[in-house]
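Encoded as structure tokens, here's the structure I'll be asking about.
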Amino acid sequence: MAWSSRPGQRTTAFWRRRMTKLFPNHLVVFAVSLVLFAGAAISSVGHWLPNLFLAHSFFPQPEINLSMSPPSWSLSSELLFYLLFPLLIVPIRKIRDGQLWLWAAAMVAGTVLVQLVSLHLVPDTPKSAISPISDLQFWFGYLFPPGRLFEFVLGVLLARIVLAGRWPRRIDVPFSLVLMALGYAAGFMVPFSYTFVTATIVPIGALIAAVAVTDVEGRHTWLARRPMVWLGEVSFGFYLVQGVTIFYLRSLMDGSTYGVPGALLVIAGFFVVCLLAGALLHHGVEMPAMRRFSRSRAEREAATVRQDGAGTALAAEPDGEKSTAPAVPMS
């Protein structure tokens, strides 16, 4: 969002695009969850209603924040980010280029602070069924949307750093991949809570920025090839359907165990089915919704007039935001 955002964009138009991208996909997966797991899903209105409106991750109870399709927990954070972005980007644009790295470091420190609060101030009982910490610590350190704002703001700052030409050339893609390996290894040595974000936030941020630099400088990589672009386009749908798809497929299996070759085939099968379901969601729900609802009628008519007058269409992302960025010299 920060990469394509330009001053003067209307906040309501931005919110309209982001809500259109988010809610149709979510509502379809929500409905599928009801159909496939109706008995468990509708046992309590208080459990599934917050999920319907993407407020469920604000609740500390596991039966609410992981209700319906568990991967949808992150959509609560996305919704918060979308609502706050037009407000956050204004002061972030005012940060002087020379202070961007200082603010980025502060965001990384913020992720550490969240886990310190979680470990030392949040009750450590009762223990979570899916992690070695308590349900409350898991919720506060991982699911609670305000705690994830530090990562979001870091991403906005990294976009500004790259566009301002402040990204160091020595931190390129190969170097960032080494950092990724080190961050992954660090996850085995730090307390569990720090594996949520802190252990890998610097490597992941470096890799994203390093890849963005290749785009700014016009250096095409294998990531720009058509299959990779398509995988990126359907990745949102793939993410949303993975939980429901795998849970349902596992319910159809007889509980047998498999050797290594058989287990790998099962995993590959799950992946293919999830990918196909994600692609169906993208092409059958997300794209039609974006074409129909992401812009108001007045905006669509104005765009048509501009296109007719110029004789060409404006290249844009499916959500209507420009995907290009100005080339800048890198330090």
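Since the model is a prediction, treat every value here as computed from it, not as a measurement.
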A206 and L179: which non-hydrogen atoms are nearest, and at how many Å?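 Closest approach of A206 to L179: CB-CD1, 4.1 Å.
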Pairing residues for F236 by the ring-ring contact (aromatic ring centres under 6.0 Å, His included) criterion, not counting sequence neighbours: none
Any side-chain heavy-atom pair from D135 and P60 closer than 4.5 angstrom?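 No - every pair of side-chain heavy atoms lies 4.5 Å or more apart.
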Nearest-0.5 Å distance that lies between atom CG in L54 and atom CG in L80: 11.5 Å
Would you confirm whether Q115, through its side chain, and V112, through its main-chain N or O, come within 3.5 Å as a donor-acceptor pair? no
Salt bridge (Lys or Arg N to Asp or Glu O under 4.0 Å) partners for R10, two or more places apart: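 Expected list: E299.
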Applying ring-ring contact (aromatic ring centres under 6.0 Å, His included), can you list everything that pairs with W15, at least two apart in sequence or on another chain? none
Please determine whether side chain to side chain contact (heavy atoms under 4.5 Å, CB included) holds for the pair I204 and I201, giving the CA-CA distance in whole Å, both sets of side-chain angles, and the decisive distance to 0.1 Å. CA-CA 5 Å; I204 290 175; I201 188 171; 6.0 Å; no
Test log, rule salt bridge (Lys or Arg N to Asp or Glu O under 4.0 Å), inputs R291 and E286: CA-CA 9 Å; R291 285 192 293 266; E286 181 180 336; over 6 Å; no
What distance do I246 atom CD1 and I267 atom CD1 have between them, rounded to the nearest 0.5 Å?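 Answer for the CD1-CD1 pair, I246 versus I267, is 9.5 Å.
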Heavy-atom closest pair, residues F23 and L52: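 Residues F23 and L52, closest heavy atoms: CE2-O, 4.0 Å.
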Between L143 and S77, the two heavy atoms sitting closest are O-OG, 4.3 Å
With side-chain hydrogen bond (donor to acceptor under 3.5 Å, both in side chains) as the test, would you mind laying out the steps for S294 and R18 before giving the verdict? CA-CA 8 Å; S294 65; R18 304 320 299 185; over 6 Å; no
Side-chain heavy atoms of I171 within contact of S176, under 4.5 Å: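 Answer yes - side chains close enough.
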Side chain S235, main chain G232, donor-acceptor under 3.5 Å: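 It does hold such a pair.
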Could you go through V244 and V29, starting from their C-alpha distance and side-chain angles, then the distance that decides it, and tell me whether this counts as side chain to side chain contact (heavy atoms under 4.5 Å, CB included)? CA-CA 8 Å; V244 171; V29 176; 4.1 Å; yes
Side chain to side chain contact (heavy atoms under 4.5 Å, CB included), that's the test. Do M253 and V266 meet it? Break it down for me. CA-CA 11 Å; M253 301 171 69; V266 170; 4.2 Å; yes
Residue pair S72 / H56, side-chain donor-acceptor N/O under 3.5 Å: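 On atom types as modelled, these side chains qualify, holding a pair under 3.5 Å.
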Show your reasoning for whether side chain to side chain contact (heavy atoms under 4.5 Å, CB included) applies to F58 and I64. CA-CA 9 Å; F58 286 89; I64 298 178; over 6 Å; no
Is the closest side-chain heavy-atom distance between K21 and R16 below 4.5 Å? no
Sub-3.5 Å donor-acceptor pair from the side chain of N51 to the main-chain atoms of M68, do we have one?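 Looks like no, no N/O pair under 3.5 Å.
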Shared hydrophobic cluster for L87 and L157 (ILVMFWY, side-chain gaps under 4.5 Å):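 Shared cluster, yes.
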In the structure I gave you, are the side-chain heavy atoms of V211 and T221 within less than 4.5 Å of one another anywhere?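 Sidechains of T221 and V211: no contact.
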I'd like to check the side chain to side chain donor-acceptor pair (under 3.5 Å) partners of Q137; sequence neighbours left out, ordered by chain and number. S134
Nearest heavy-atom approach of G187 to T195 is O-CG2, 3.2 Å
Please collect all ring pair (Phe, Tyr, Trp, His ring centres under 6.0 Å) contacts where either partner lies in residues 84-130, sequence neighbours excluded, each pair once. F14-F85, W101-W167
Does D172 reach the side chain of F175, with side-chain heavy atoms less than 4.5 Å apart? yes
Return the set of residues passing ring-ring contact (aromatic ring centres under 6.0 Å, His included) with Y258 (not counting sequence neighbours), or none when no residue passes.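 Partners of Y258 under the ring-ring contact (aromatic ring centres under 6.0 Å, His included) test: none.
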Which ring pair (Phe, Tyr, Trp, His ring centres under 6.0 Å) pairs, counting each pair once, include a residue from residues 184-208, with sequence neighbours left out? F138-F196, Y142-F196, Y184-F188, F192-F196
dist L154:CG -> I208:CD1 (nearest 0.5 Å) comes out at 8.5 Å
Mind checking what makes ring-ring contact (aromatic ring centres under 6.0 Å, His included) contact with F238, not counting sequence neighbours? F271
Minimum heavy-atom distance V234-A279, with the two atoms named: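 Closest approach of V234 to A279: CG1-CA, 4.0 Å.
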Please confirm whether the backbone N or O of T245 pairs with a side-chain atom of R250, one donor and one acceptor, at under 3.5 Å?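 No.
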Inter-residue atom distance M287.CE - H283.NE2, 0.5 Å rounding: 8.0 Å
Mind checking what makes side chain to side chain donor-acceptor pair (under 3.5 Å) contact with S131, not counting sequence neighbours? S128
Y239 atom OH: more than 12 heavy-atom contacts under 6.0 Å: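 Yes, OH of Y239 has more than 12 neighbouring heavy atoms, counting only those of other groups under 6.0 Å.
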Hydrophobic cluster identity match, V229 and L276, side-chain contacts under 4.5 Å: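 Different clusters: V229 never reaches L276 through Ile, Leu, Val, Met, Phe, Trp or Tyr contacts under 4.5 Å.
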Side chain to side chain donor-acceptor pair (under 3.5 Å) partners of S251, counting only residues at least two apart: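 Result, side chain to side chain donor-acceptor pair (under 3.5 Å) vs S251: none returned.
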For a 4.5 angstrom cut-off between non-hydrogen side-chain atoms, does F152 reach M107? no
Can you name the side chain to side chain donor-acceptor pair (under 3.5 Å) partners of R226, sequence neighbours left out? none
Student check: side-chain heavy atoms of V153 and L88 closer than 4.5 Å: yes
Would you compute the distance between atom CE of M290 and atom CG of N25 and round it to the nearest 0.5 angstrom? 10.0 Å
Using a cut-off of 6.0 Å, state whether more than 12 heavy atoms not belonging to R93 lie near its atom CZ.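 Result for CZ/R93: enclosed.
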Taking all heavy atoms of A277 and all of V241, pick out the closest pair and write down the distance.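 Distance-wise, the nearest heavy atoms are CB-CG2, 3.9 Å.
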Spacing of OG belonging to S57 relative to CG belonging to L75, to within rounding of 0.5 Å: 8.0 Å
Would you say V108 and L102 are hydrophobically clustered, going by side-chain heavy atoms of ILVMFWY under 4.5 Å?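 Result: no, two separate clusters.
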Quick one: are W3 and L163 in side-chain contact, heavy atoms under 4.5 Å?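 The answer is yes, as the side chains (C-beta and beyond) meet within the 4.5 Å cut-off.
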Pairs flagged by side chain to side chain donor-acceptor pair (under 3.5 Å) wherever residues 144-159 is involved - sequence neighbours left out: R148-E151
Flag yes if M19 and V285 sit in one hydrophobic cluster, no otherwise; membership is Ile, Leu, Val, Met, Phe, Trp, Tyr, and two members link when side-chain heavy atoms are under 4.5 Å apart.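 As far as the 4.5 Å side-chain criterion goes, V285 and M19 are connected within one cluster.
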Main chain of A164, side chain of D97: is a donor-acceptor contact present, judged purely on distance under 3.5 Å?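 Such a contact is absent between D97 side chain and A164 backbone.
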Is it true that L158 and V90 fall in one hydrophobic cluster, defined by side-chain heavy atoms closer than 4.5 Å?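 Shared cluster, yes.
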Whether R160 side chain and I92 backbone form a donor-acceptor pair below 3.5 Å: yes
